[in-house]
Amino acid sequence: MTTLAQEPYERATGRPEGYATHDVTNQPPPLSPYDACEDTALLEGVRREGAGWAEDGLRRLGRRAGSVEAQEWGDLANRNEPELRTHDRYGNRVDEVEYHPSWHRLMRVAVGEGLAGAPWADGRPGAHVARTAGSLVWGHTEAGHGCPTSMTYAAVPALRAAPALAEVYEPLLTAREYDPGLRPAAEKRGLLAGMGMTEKQGGSDVRTNSTAATPTAEPGVYTLRGHKWFTSAPMCDVFLVLAQAPEGLSCFLVPRVLPDGTRNTFRVQRLKDKLGNRSNASSEPEFDGTVAWLVGPEGRGVKTIIEMVNCTRLDCVMSSATLMRKTLVEAGHHVRHRSAFGARLLDQPLMRNVLADLALESEAATTLTLRLAGAADRAVRGDAGEAAFRRIATAVGKYWVTKRGPAFTAEALECLGGNGYVEESGMPRHYREAPLLSIWEGSGNVNALDVLRALGRSPAAGHALFEELALARGADPRLDAAVARLRTGLTGASESGARRLVELMALALQASLLVRHAPPAVADAFCATRLGGDWGHSFGTLPDTADLGGILARALPATG
């Protein structure tokens with residue numbers, strides 16, 4: 001009931017007095033709907049790396065990724081986390097994980113758009129580039145569901161070490177049908193794959209694995225007994241697993257459901273309570289008499305499964321680049337609409353410096369990601385030089401780009417101030433996600449040492465890296481000087497100096513790509529700061545000579 005005291009206020013304002021302080025001003029409008037594919041560096045890279053034919057599909061997917069509906073799916077999938085159900089109501093062991101419907105909607109689009117195993121069945125040059133670009137775009141929705149699509153993509157080349165198994169499973173792993181639920185493979189329209197390598201006592205030191213593989217009377221069939229420590233997406237249909245066979249550490253295919261329809265022993269002991277990646281279930285499965293098929297020769301498990309690791313490492317680089325781009329878009333949208341101290345944030349010199357610095361980092365990450373995808377695509381088609389380049393450059397990119405992610409997302413969050421620190425903004429979710437990519441598939445030390453290992457064991461890898469860098473020779477003196485330092489640093493390279501060396505490799509590689517393919521404003525600022533030393537210790541310390549306007553005009557989409 002309106003009181004006499006309220007009536008004058010209502011006549012003057014047209015609003016009840018209880019809402020007198022609730023005028024919303026100086027807040028940005030919602031970002032969605034927006035086009036997640038509106039990224040010049042991404043589209044240029046797609047064309048350059050041989051997947052220009054996919055551009056129309058990428059643009060369609062970008063609009064869908066930035067839609068209100070798809071963004072809500074990502075939010076709901078993270079707020080309604082997967083739940084483990086070990087037994088049914090009658091006491092039978094079922095070991096199932098239940099996901100929110102939004103997770104399934106995200107997965108259905110991802111698999112249907114070919115972001116899982118589809119490129120292996122696509123004969124077109126550039127198919128793997130198109131898949132990486134699609135993941136860069138669709139990743140604007142939510143990061144967790146990228147784990148099973150990534151592992152499914154990566155499982156195919158490893159499974160080919162067992163042609164008889166590949167003949168059965170590959171057509172389903174490369175299908176564009178998302179068909180959830182535990183059933184025999186023969187009854188499904190499409191399959192997803194996971195991976196079980198690490199154990200509690202060893203982590204990345206997988207050769208210390210204690211899971212035992214015992215041969216059965218049937219050739220190629222074993223039973224496993226052991227406990228894995230970090231196995232993501234336990235509702236996948238099949239898993240590639242490492243275990244100790246009589247001849248040493250070996251790779252095995254473990255189906256959740258056996259061909260006769262019975263459940264294989266795959267006891268999910270618990271789900272991990274993770275910092276981020278909350279929508280994705282990561283589990284500790286126990287094997288006890290679990291039926292498994294040998295993939296590749298006994299004792300060559302690491303060599304067999306490394307094909308899977310090479311693919312998932314590329315996806316770590318891609319996922320970090322995606323997070324960078326997503327948070328840059330969020331930050332750019334906010335500062336375009338927010339004002340302080342009498343001017344829009346976007347028009348204030350120091351904020352422009354911060355955003356331009358972030359834009360440089362984002363473009364360098366995206367450009368390197370697509371170059372690595374191009375190398376992978378050409379390596380699959382028999383290009384030995386690209387295979388050698390991929391071998392070293394993927395490890396270099398995995399080390400550096402994923403290391404840059406946490407600092408980047410923290411700075412992008414800060415552009416929103418307190419608004420970015422609340423869950424509703426989505427920025428805390430991105431911030432929690434960022435460290436995962438450096439840890440997954442080998443931490444920073446593991447990848448830095450892997451680069452040294454590649455240089456020592458495969459001279460062709462180092463040669464391929466310097467051939468790539470030579471393509472930009474003479475274009476920028478700071479880059480030439482960095483390459484010279486790199487050659488000197490390779491002489492007597494030590495384990496303790498591995499990070500320093502790999503960092504220089506990554507920066508030189510990114511700079512060489514930008515010098516060749518990006519506008520002068522971008523390439524010059526990157527070389528001046530990342531290689532020339534004209535930079536501070538945090539984002540937003542570009543020199544006064546940097547063309548901030550040119551960098552920002554290229555990087556920020558016209559949202560809102």
Side-chain angles (χ1 to χ4, degrees), residues 202-207 302-303 306 309-310 312-314 316-317 320 361 364-365 367-369 371-372 375-376 379 384-407 437-515 526-527 529-533 535 537:
S204 295
D205 186 8
V206 295
R207 294 189 185 279
V302 172
K303 182 175 177 60
I306 200 67
V309 172
N310 284 336
T312 48
R313 281 182 174 174
L314 170 57
C316 287
V317 182
S320 286
E361 197 74 30
T367 302
L368 178 57
T369 297
R371 175 66 184 94
L372 295 176
E386 288 289 89
F389 174 76
R390 174 200 182 203
R391 168 68 184 92
I392 190 167
T394 301
V396 168
K398 166 65 168 72
Y399 171 80
W400 181 244
V401 175
T402 63
K403 280 286 179 208
R404 301 299 290 154
L437 288 316
S438 184
I439 296 169
W440 191 29
E441 298 304 4
S443 63
N445 284 355
V446 170
N447 277 272
L449 294 174
D450 189 43
V451 173
L452 294 189
R453 189 178 304 111
L455 290 169
R457 294 181 179 178
S458 176
H463 179 69
L465 177 65
F466 280 102
E467 277 196 332
E468 179 77 15
L469 295 174
L471 295 175
R473 184 187 295 126
D476 189 289
R478 294 157 299 197
L479 174 56
D480 291 342
V483 174
R485 292 198 305 273
L486 184 57
R487 287 190 182 278
T488 301
L490 287 176
T491 304
S494 66
E495 284 196 8
S496 65
R499 285 187 174 218
R500 186 181 182 91
L501 181 67
V502 175
E503 176 179 320
L504 182 56
M505 283 184 188
L507 290 172
L509 182 54
Q510 288 182 320
S512 72
L513 291 168
L514 295 179
V515 163
F526 189 90
C527 290
T529 53
R530 276 63 170 176
L531 298 179
W535 200 28
H537 295 284

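For the single chain, residues carry numbers from 1 onward in sequence order. The structure presented is a predicted model; accordingly, all values stated were derived computationally and were not measured.
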Residues R453, E495: salt bridge by 4.0 Å N-O rule: no
Salt bridge (charged side-chain N to carboxylate O under 4.0 Å, His left out) against E503, all qualifying residues, sequence neighbours excluded: none
Residues that D476 engages under salt bridge (charged side-chain N to carboxylate O under 4.0 Å, His left out), provided they are two or more places apart: R478
Under 3.5 Å: donor-acceptor pair, side chain of K398, backbone of S438: yes
Any side-chain heavy-atom pair of F526 and L513 under 4.5 Å: no
Non-neighbouring partners of A454 that pass side-chain contact (heavy atoms from CB on, under 4.5 Å), sequence neighbours left out: R391
Which atom of A493 lies closest to which atom of L501, heavy atoms considered: CB-CD2, 3.9 Å
CD-CG distance between E441 and N310, expressed to the nearest 0.5 angstrom: 9.5 Å
Short side-chain to backbone donor-acceptor contact, R499 and A448, under 3.5 Å: no
Min side-chain heavy-atom separation N447-T402 under 4.5 Å: no
Sidechain-backbone polar pair: S320 side chain, V317 backbone, donor-acceptor under 3.5 Å: no
Under 3.5 Å: donor-acceptor pair, side chain of D480, backbone of G474: yes
Under-4.0 Å salt bridge between E361 and R404: yes
Side chain to side chain, L314 and R390, heavy atoms closer than 4.5 Å: no
Nearest atoms (heavy-atom pairs only) where A365 meets V401: CB-CG1, 3.9 Å
Q510 side chain near W400 side chain, heavy-atom distance below 4.5 Å: yes
